[in-house]
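See structure below.
In each ligand, atom 1 is the first atom listed, and ligand 1 is the first ligand listed. None of the values given here were measured: they were computed from a predicted structure.
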Amino acid sequence: MFSISRRSEVEPFHAMDVLAEATRRRASGHPVISMAVGQPSHPAPQAALDAARAALVKGRIGYTDALGTARLKQALAAHYRDRHGLDIDPLRIAVTTGSSAGFNLAFLSLFDAGDAVAIARPGYPAYRNILGALGLKIIEVPVTAETHFTLTPESLEAAQREGGVRLKGVLLASPANPTGTVTGREALKALADYCAANSIAFISDEIYHGLTFAGEETSALELTGEAIVINSFSKYYCMTGWRIGWMVLPERLVRPIERVAQSLYISPPELSQIAATAALNATVELDVYRASYARNRDFLIRRLPEIGLSIASPMDGAFYAYVDVTRFTNDSMALAKRMLAEIDVAATPGFDFDPMEGNRTMRMSYAGSEAEIAEAVERIAVWLK
Ligand SMILES: Cc1ncc(COP(=O)(O)O)c(C=O)c1O
């Protein structure tokens with residue numbers, strides 16, 4: 001009998017398991033509201049749908065260059081010019097099959113097995129799981145109120161001292177999932193400078209750009225030419241299922257990424273690239289959705305503490321409330337399961353994001369409609385009483 005690899009023994013992504021259970025319940029007629037997975041309930045922008053329809057009428061969808069179409073890369077370069085005043089060579093851009101593929105490509109091209117990479121705890125669980133599956137050493141650095149819920153040069157130094165390692169990479173999301181932390185310009189610069197001075201690759205996950213509600217939104221590209229920037233059409237652009245994202249790379253990393261991408265993915269999906277190119281110009285429509293997340297955020301900031309769920313971290317960006325559930329339980333996983341079974345509201349247990357203290361927390365996505373979010377919170381309020 002063949003054996004199963006040790007590298008595949010990663011934690012399940014519990015949010016996806018909760019989503020699967022919510023989908024099963026909905027299919028059998030339950031009025032489920034899901035705040036479990038970070039995806040907008042809105043469709044892709046109209047222009048993206050129109051472009052995709054037109055491409056389907058033409059009919060032929062094929063492979064593209066491994067790093068994406070010239071049109072999309074040029075449109076992304078224009079995006080950086082308009083939004084950030086940056087002049088980015090389109091040849092430094094790699095289009096990817098969602099940012100998830102970007103992580104695989106970046107980790108494989110930057111690191112060898114056993115290299116140490118720092119991530120924030122709590123943080124996005126797939127970082128830990130991908131790094132683990134690739135045989136990298138995961139250095140989880142706690143982020144708390146003392147570090148303004150982000151990584152700092154000092155916390156990275158401390159983690160290296162305690163772990164007896166030298167870091168090869170640092171990965172930071174801003175705005176962050178699940179904490180909502182927006183790392184300000186100065187703090188981001190301090191991290192980028194620390195990484196440059198110590199020959200550490202700095203990977204900046206900017207997937208929640210466009211969804212900053214408090215504080216300043218800075219791309220690492222404004223601060224250094226050395227950052228590896230990862231981004232996606234999944235969140236602000238409402239295109240989760242299209243599986244399309246991009247990276248901006250230092251020039252010397254482009255060819256290594258291209259070589260790995262050629263064999264791992266051949267190319268990102270052409271239909272999604274066509275739709276994504278059109279989506280970049282749909283900001284008027286997308287900003288209407290953004291405004292509805294902002295109203296959801298205001299509502300949750302007010303209402304959650306009233307019902308006993310205190311907010312555990314900033315909520316400055318992305319679309320999550322990370323709440324402390326210790327008034328009700330020490331086992332957020334059990335609470336999430338009961339909440340789904342008894343009142344048909346799905347949220348994600350904190351364990352996904354924080355294997356040490358996640359039993360005390362739960363993450364609620366507010367990317368759904370305002371009516372849904374209000375209904376979910378009222379169900380929870382009655383239930384918790
Ligand atoms: C911080 C962060 N990065 C990356 C992703 C993956 O996104 P995608 O592969 O859809 O681009 C997510 C999804 O929730 C996320 O929260």
Side-chain angles (χ1 to χ4, degrees), residues 12-19 34-42 44 48 68 72 76 93-107 117-131 133 140 143 149-151 170-183 203-212 217 219-220 228-248 261 264-265 268-269 272-273 275-276 279 293 313-322 346-348 350 352-354 363-368:
F13 192 165
H14 297 287
M16 299 308 290
D17 284 352
V18 175
L19 175 71
S34 180
M35 298 173 86
V37 176
Q39 66 172 341
S41 56
H42 309 289
L72 178 50
L76 284 164
I93 297 176
V95 181
T96 56
T97 307
S99 71
S100 301
F103 297 120
N104 283 333
L105 292 170
F107 298 165
V117 180
I119 53 175
R121 176 172 60 77
Y124 177 55
Y127 298 155
R128 195 181 337 112
N129 295 339
I130 301 172
L131 290 167
E140 290 194 305
V143 293
F149 294 97
T150 189
L151 301 176
V170 169
L171 168 52
L172 179 81
S174 173
N177 173 10
T179 55
T181 310
V182 173
T183 304
I203 305 171
S204 179
D205 181 352
E206 303 185 355
I207 187 170
Y208 291 104
H209 271 213
L211 300 171
T212 296
E217 187 171 273
S219 169
I228 295 99
V229 166
I230 298 190
N231 207 324
S232 173
F233 288 90
S234 286
K235 308 294 174 171
Y236 172 75
Y237 295 95
C238 299
M239 294 178 70
T240 47
W242 296 75
R243 310 306 306 127
I244 193 81
W246 75 90
M247 293 195 275
V248 185
L264 231 51
Y265 302 104
S272 302
Q273 293 186 68
Y293 310 143
S313 58
M315 277 179 86
D316 286 345
F319 37 47
Y320 306 109
Y322 198 51
T348 312
D352 247 354
F353 314 98
D354 186 342
R363 187 197 74 175
M364 302 162 104
S365 163
Y366 59 85

Close residues, ligand 1: non-hydrogen atom nearer than 4.0 Å:
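Close residues (ligand 1, cut-off 4.0 Å): Gly98, Ser99, Ser100, Phe103, Tyr124, Tyr127, Asn177, Asp205, Ile207, Tyr208, Ser232, Ser234, Lys235, Arg243.
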Using the side-chain contact (heavy atoms from CB on, under 4.5 Å) criterion, which residues pair with [X]? Sequence neighbours excluded.
X	result
Ala36	Val18, Ser34, Ala346, Thr348
Arg121	Glu140, Pro142, Asp354, Pro355, Met356, Glu357
Ser99	Phe103, Ile207, Ile230, Ser232

How far apart are the closest heavy atoms of Leu171 and Leu151, and which atoms are they?
O-CD1, 3.9 Å
Here the pair of heavy atoms bringing Tyr366 nearest to Gly317 is OH-O, 4.5 Å
Using the six-membered ring wherever Trp is involved, compare the ring planes of Phe233 and Tyr237 and label them parallel, tilted or perpendicular (cut-offs 30° and 60°).
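Judged by the thresholds at 30° and 60°, the geometry between Phe233 and Tyr237 is tilted.
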